[in-house]
Protein chains: 2
Amino acid sequence: MQQRSEITRKRIMEAATRLFANAGYNATSVDQICKEAGVSKGAFYHHFSSKQAIFVALFEDWIVALDDGMKEMHKENIPQTLLYLTNMIPLIFETADEHLPIVLEYWLLAGHDEVIRAAILAPYRHYQDLFAKLIEEGMAEGTLKTINPQAAAQVIVSLAVGLLIQGILDPKGADWQKVASESIQILMNGLGKEDIGLSL
Amino acid sequence: MQQRSEITRKRIMEAATRLFANAGYNATSVDQICKEAGVSKGAFYHHFSSKQAIFVALFEDWIVALDDGMKEMHKENIPQTLLYLTNMIPLIFETADEHLPIVLEYWLLAGHDEVIRAAILAPYRHYQDLFAKLIEEGMAEGTLKTINPQAAAQVIVSLAVGLLIQGILDPKGADWQKVASESIQILMNGLGKEDIGLSL
DNA sequence: TTTATAATACCGACCGGTCGGTATGTTTTT
DNA sequence: AAAAACATACCGACCGGTCGGTATTATAAA
């Protein structure tokens, strides 16, 4: 078995994910992670140089997973595509449920650390550009009003971030998928050139 | 002089605000706060029962300040009122600049602590209801489409939260006041019954 | 007004415990 | 046997909170 090392590493990361999500980064000790993973401290520090290191690794893993999930999202037209994206929300909340609180924590650290801030700003701008391109496509295909794509993308991203934050804070406070699709529809009736009969 | 006590308390809170904003809650020790405030640890624990207590006190102060700023916000019509609110953003960023990172931290803690979550959810719902009422007024005065007020309020609050988060993370990444007013206008063209010529 | 009494505000040394990280030894893989 | 993977014991710094005691201020009796 050449995999033993990888298995151990994976177990450590899974344990860390669970504990970080439950109690937060600061409230979770390396010892706890080791215990949860059924692994010694030596093993931990063999795989990760520091506590922060595993945190960063977790975040990067999540970004990759998110990007994968967004690969096949194009629908017949842009409004439909945007609306379709809201269907991903429960999926995101389900599969990445444990990652979300960690992301929030990562944002927090970004506020205090220049390096981390740069790291988190990059994927964020990536998504903003992605949406801006979608808007442009929508304008090209004639389903969207003529509008500043960057500004519109900004609105969408802000909305998404806001919904995400609230979803993290108060998961059972609302049916977030429903809220998200309603929000997009409201937004769309402002963005859409005319009523194009949006439906799920 | 019974004021000595109040002065001390104020100094402690100001010092804590500064340090929390710079380094974050966890990275700031009570000793540091005392040193920054030029006060002993005994004085600190005389005024605040715990480190968490001063954190909560800081948050509550901020909410009160925010509410005060929102007192006189009604304009000639609802869309104008909403648009006007975006003018408050630089003010918020200016006066509450030091509070904002703390707020993010508060959200984070809320995710792990039931009590704190309840405390933060209350004002948040307060604002949601406030906006819902504004929407209803707008419908009544005929400047807004017929729409589910709660859903529309949700969109606005989500948007606001999203903008706030981004503003905290990347204060100089954009002219957030401009972004905010553009966002509201985009949203409004979806909410507004017809083009009513919005302008600042 | 002065003095006695009580209450409040403040001081700073100290403690129990935790935590991230290391040093060193043992087992497993190559 | 050499190297990688893992285990155990331990260190030193730090941190939130306590506590016995001391100023300072308010209240009231003399």
Side-chain angles (χ1 to χ4, degrees), chain A residues 1-59 101-102 105-106 108-109 112-113 115-116, chain B residues 1-59 102 105-106 108-110 112-116 119:
Chain A
M1 288 279 192
Q2 170 224 16
Q3 293 177 327
R4 184 170 71 123
S5 172
E6 293 171 20
I7 291 174
T8 301
R9 185 188 166 91
K10 193 177 175 185
R11 288 184 54 157
I12 294 173
M13 290 186 78
E14 284 171 352
T17 300
R18 248 171 286 145
L19 293 173
F20 284 157
N22 275 344
Y25 176 80
N26 281 291
T28 301
S29 69
V30 175
D31 282 322
Q32 276 177 292
I33 297 173
C34 294
K35 191 180 173 187
E36 174 88 6
V39 153
S40 74
K41 215 166 180 177
F44 179 94
Y45 277 99
H46 176 73
H47 286 282
F48 302 97
S49 60
S50 69
K51 190 186 175 186
Q52 247 202 30
I54 195 179
F55 196 55
V56 172
L58 253 30
F59 178 76
I102 302 180
E105 207 134 13
Y106 208 85
L108 185 66
L109 286 185
H112 305 312
D113 188 318
V115 180
I116 296 185
Chain B
M1 286 270 204
Q2 180 210 8
Q3 290 179 330
R4 183 172 68 123
S5 170
E6 292 171 21
I7 291 173
T8 301
R9 184 188 166 92
K10 194 177 175 185
R11 287 184 53 157
I12 294 174
M13 290 185 79
E14 285 171 353
T17 300
R18 250 172 284 146
L19 293 173
F20 284 157
N22 275 343
Y25 177 80
N26 282 289
T28 301
S29 70
V30 175
D31 281 321
Q32 275 177 291
I33 297 173
C34 295
K35 191 181 174 187
E36 174 88 5
V39 153
S40 75
K41 211 164 183 178
F44 179 94
Y45 279 99
H46 176 74
H47 287 282
F48 303 97
S49 60
S50 68
K51 190 186 176 187
Q52 249 203 27
I54 195 180
F55 197 55
V56 172
L58 254 30
F59 176 78
I102 304 180
E105 206 135 14
Y106 208 84
L108 183 66
L109 286 186
H112 305 312
D113 189 317
E114 283 291 340
V115 180
I116 296 186

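Note that this is a predicted model, so its numbers are computed, not measured. Side-chain atoms are counted along with the backbone in the values below, which use heavy atoms only and exclude waters and symmetry mates. Residue numbers start from 1 in every chain, and the chains themselves are labelled A, B, ... in the order their sequence lines are given, proteins ahead of strands.
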Send over the distance from A:Ile54 CD1 to C:dG20 C1', rounded to a whole Å. 14 Å

Anything under 3.5 Å between a protein N or O and an N or O of nucleotides 5-7 of chain D, put it in a table, one pair a line.
| residue | atom | partner | partner atom | Å |
| --- | --- | --- | --- | --- |
| D:dA5 | OP1 | A:Ser5 | OG | 3.4 |
| D:dA5 | OP2 | A:His46 | NE2 | 2.7 |
| D:dA5 | O5' | A:His46 | NE2 | 3.4 |
| D:dC6 | OP1 | A:Arg4 | O | 3.4 |
| D:dC6 | OP1 | A:Thr8 | OG1 | 2.4 |
| D:dC6 | OP2 | A:His47 | NE2 | 2.7 |
| D:dA7 | OP2 | A:Ser40 | N | 2.8 |
| D:dA7 | OP2 | A:Ser40 | OG | 2.9 |
| D:dA7 | O5' | A:Ser40 | OG | 3.4 |

Without decimals, in angstroms, what is the distance between A:Tyr45 OH and D:dC10 C1'? 14 Å

Taking the six-membered ring for Trp, are B:Tyr25 and B:Phe20 parallel (under 30°), tilted (30 to 60°) or perpendicular (over 60°)? tilted

Return the set of residues passing side chain to side chain donor-acceptor pair (under 3.5 Å) with A:Ser29 (not counting sequence neighbours), or none when no residue passes. A:Gln32

Decide ring pair (Phe, Tyr, Trp, His ring centres under 6.0 Å) for A:Phe59 and A:Phe55; before the verdict, give the C-alpha distance in whole Å, the side-chain angles of both, and the deciding distance to 0.1 Å. CA-CA 6 Å; A:Phe59 178 76; A:Phe55 196 55; 8.1 Å; no

Considering every strand and a 4.0 Å limit on heavy-atom distances, what is the contact class for A:Ser49: base, sugar-phosphate, or nothing? nothing

By salt bridge (Lys or Arg N to Asp or Glu O under 4.0 Å), which residues pair with B:Lys51, not counting sequence neighbours? none

Here the distance between atom P of D:dG16 and atom CG of B:Leu19, to the nearest Å, is 12 Å

From CD1 of B:Ile33 across to P of D:dC15 the rounded distance in Å is 11 Å

Do B:Thr28 side-chain atoms and B:Ala23 backbone N/O form a donor-acceptor pair below 3.5 Å? no

Send over the distance from B:Asp31 CG to D:dG16 P, rounded to a whole Å. 7 Å

Which whole-number value in Å describes the distance from B:Lys51 NZ to D:dC14 P? 15 Å

When A:Ile33 is tested against each of A:Val39, A:Thr17, A:Leu19 for side chain to side chain contact (heavy atoms under 4.5 Å, CB included), which residue passes? A:Leu19

C:dG12 C1' sits how many Å from B:Lys35 NZ, rounded? 15 Å

Whole Å only: how far is the CD1 atom of B:Ile7 from the C1' atom of D:dT25? 14 Å

